[in-house]
Structures are given as structure tokens and as C-alpha cells.
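Because the structure is predicted, anything quoted here is derived from the model rather than measured. Just so you know, ligand 1 is whichever comes first in the structure, and atom 1 is the first atom listed for that ligand. FYI, the numbering just counts along the sequence from 1.
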Amino acid sequence: MTRTVYVNGAFVPENEAKVSIFDRGFLFADGVYEVTSVLDGKLIDFDGHAKRLERSLSELDMPQPMPTDELLSVHRELLARNDLSEGMIYLQVTRGSDGDRDFVFPDPDTTKPSVVLFTQAKPIAQSAAAETGIRVISIEDIRWGRRDIKTVQLLYPSMGKMLAKKAGADDAWMIEDGFVTEGTSNNAYIVKDGKIITRHLGNEILHGITRAAVLRFAREAQMTVEERSFSLDEAMNADEAFITSASTFVMPVVEIDGRTVGNGAPGPVAKRLREIYLEESRNSAI
Ligand code: PDD
């Protein structure tokens with residue numbers, strides 16, 4: 001199926017979409033992105049993603065390409081044109097192209113950002129992996145120091161996924177000074193004695209939109225949440241582990257570096273949080 005994608009103001013067939021070879025996203029990874037999940041043809045947590053986009057852009061001195069209500073219209077139009085009921089919308093904003101390669105940022109008055117959006121159809125609510133749980137390996141976190149900005153510099157996370165694949169696992173958790181930062185494209189959690197433990201916010205991790213929602217739902221359900229660093233050793237001895245992201249929601253982790261977590265099956269806390277997240281997200285989708 002040929003998708004209809006959005007590029008700089010136009011909806012076009014995917015094979016006709018064009019971006020300059022001088023685009024700074026292509027040359028310098030000078031761009032940011034968002035992935036918003038879609039259930040029943042509706043957007044999950046659009047406001048959260050729009051706010052984080054605004055923050056990522058402002059941290060990099062990039063202008064907002066369009067007001068939030070316009071961005072919402074583009075998302076909805078794209079859903080409609082592609083008849084997408086479940087999956088994701090990928091959005092990327094780069095600093096654009098000034099027709100050459102220069103490390104210095106171009107003048108924002110004359111060089112406009114590039115904006116690209118496309119849909120990805122994928123079952124997220126009904127997931128075989130959620131029934132069995134996933135296996136992760138640990139790798140050193142050698143990314144840059146501003147992981148709170150959602151930039152398109154994803155080479156290391158991509159290498160991490162390949163290392164996991166080669167090791168017969170599904171994903172990798174990244175470790176800095178002995179502590180887990182996050183997964184290659186998700187936030188990481190453990191459960192011990194009923195407490196949900198996940199790394200505190202800071203520059204070391206992405207401030208996940210799913211994370212914020214899941215922690216809110218957990219607290220509303222009277223579960224105890226501790227936002228602090230946890231070590232790889234602590235994770236291996238946890239009762240449960242899981243990850244969250246817009247593309248996986250709440251996904252149980254049943255093995256870390258070949259060691260079984262808990263009894264090796266998705267735990268009750270992760271299962272419950274997945275159920276609550278799905279229900280609440282469907283109710284508040286727009
Ligand atoms: N990744 N941490 C990292 C490094 C991520 O790349 C992501 C999201 C998350 C979770 O954030 P959120 O809950 O807002 O999706 C945490 C997206 C899904 C991706 O790169 O495809």
C-alpha cells in the first residue's frame with residue numbers, strides 16, 4: 001500500500017515525498033521527533049507529545065513549525081487519508097536546509113524547519129510479546145548528555161537493538177555508572193515488594209509520555225512509586241520488570257542478561273498497568 005505522507009505543507013504519496021540532501025536532519029541529525037500512538041483511529045496523549053516537541057525544539061533554539069492546533073489537524077488528516085486505526089504517527093522536525101553544509105546554524109528567518117509526518121500501521125493493543133514478556137541485555141550507555149531532548153540521533157540505540165538481536169534477545173537496557181538509565185527506545189522499570197521503581201527525570205533519560213501516564217495511573221490505583229536510580233544488580237533480583245513507550249505501551253521484561261526476572265512470566269503489576277493504560281488511553285484518545 002502506498003501511504004500518504006506529509007512533507008512541508010503537502011500531503012503526497014510516500015514515493016513522491018522529497019527533502020533536500022542539504023537538510024540538517026540528514027547531515028547533522030539536527031532534528032527532533034515524536035511518535036504518537038493510535039488506537040481506534042484516535043491519538044493517544046497528543047497534548048503530551050505536542051508539549052514535549054515544543055520543549056525539544058526550544059532546547060535546540062529551533063522555531064515551532066506550526067501552532068499545536070494545526071499540528072493536530074495534520075495528524076488527524078494523515079490518519080484519515082491512510083485510514084489508520086491502530087499504529088503510530090511519526091513526526092520529525094529538522095532545522096531545514098540552507099543549501100549547503102555548515103556547522104553553524106542557519107538564520108531561522110530565512111531557513112525554515114522541515115516537517116515530515118508518516119503513519120505506521122501496527123497492532124499495539126493485541127501484542128503477542130505482551131503475553132510472554134521480552135528479554136533484554138545490558139549495554140553501556142554511551143549516548144550524549146542531553147537524552148531529555150528527543151533528537152533523531154538514534155545510531156547508538158539502533159546498535160543496541162542489533163546487539164540484543166545478535167544475543168537472541170529483544171532489546172537492550174543501557175547502564176551508566178552501574179545504574180540503568182533506560183531502554184534503547186523506552187523507559188525501564190522494576191517492581192520489588194510491590195513498589196514500582198523507575199529512574200527519576202533528568203538529562204540522562206527521555207521524559208516518556210507513556211511513563212508520565214503510567215505513573216499517574218499507578219498512583220491513582222494506590223500503588224507505590226519510587227522515582228530513583230536502580231542498579232543492574234537490583235533489576236536482576238527484582239520481582240518484575242517492564243518497559244513503557246508509545247510503541248509498546250506497558251511491556252513486561254522477563255529476562256535480563258540471560259537471568260530470569262521473578263518467575264520468568266509477565267508479573268501482576270505489569271499486567272495490571274497494561275490493562276489500566278489501555279483502558280484509560282482509549283477513554284481519553286482524541
Ligand atoms: N521512543 N526513552 C527513549 C530513549 C525513547 O526513544 C522513547 C520513545 C521512550 C519512551 O517515550 P514515550 O513514552 O514518550 O514513547 C523512552 C519512541 C517510541 C521511538 O523512538 O520509536
Which pairs of N or O atoms, one from ligand 1 and one from the protein, are separated by less than 3.5 Å, and what is the distance for each pair?
| unit_1 | atom_1 | unit_2 | atom_2 | d |
| --- | --- | --- | --- | --- |
| ligand 1 | 1 (N) | Lys150 | NZ | 3.3 |
| ligand 1 | 1 (N) | Ser185 | O | 3.2 |
| ligand 1 | 2 (N) | Glu182 | OE1 | 2.6 |
| ligand 1 | 13 (O) | Ile209 | N | 3.4 |
| ligand 1 | 13 (O) | Thr210 | N | 3.0 |
| ligand 1 | 13 (O) | Thr210 | OG1 | 2.6 |
| ligand 1 | 14 (O) | Arg52 | NH1 | 2.9 |
| ligand 1 | 14 (O) | Arg52 | NH2 | 2.9 |
| ligand 1 | 14 (O) | Ile209 | N | 2.8 |
| ligand 1 | 15 (O) | Ala246 | N | 2.9 |
| ligand 1 | 20 (O) | Tyr33 | OH | 2.6 |

The reported gap from CD in Glu234 to OG in Ser229 (rounded to nearest 0.5 angstrom) is 9.5 Å

With side chain to side chain donor-acceptor pair (under 3.5 Å) as the criterion, how do Lys161 and Thr184 come out once you've worked through the C-alpha distance, each side chain's angles and the decisive distance to 0.1 Å?
CA-CA 7 Å; Lys161 295 246 195 220; Thr184 57; 3.1 Å; yes

Side-chain heavy-atom pair Asn283, Glu279 within 4.5 angstrom cut-off:
yes

Asp102: what forms a side chain to side chain donor-acceptor pair (under 3.5 Å) with it, not counting sequence neighbours?
none

Residue Asp177 excluded, over 12 heavy atoms near CG under 6.0 Å
no

More than 12 heavy atoms of other groups within 6.0 Å of Asp83 CG
no

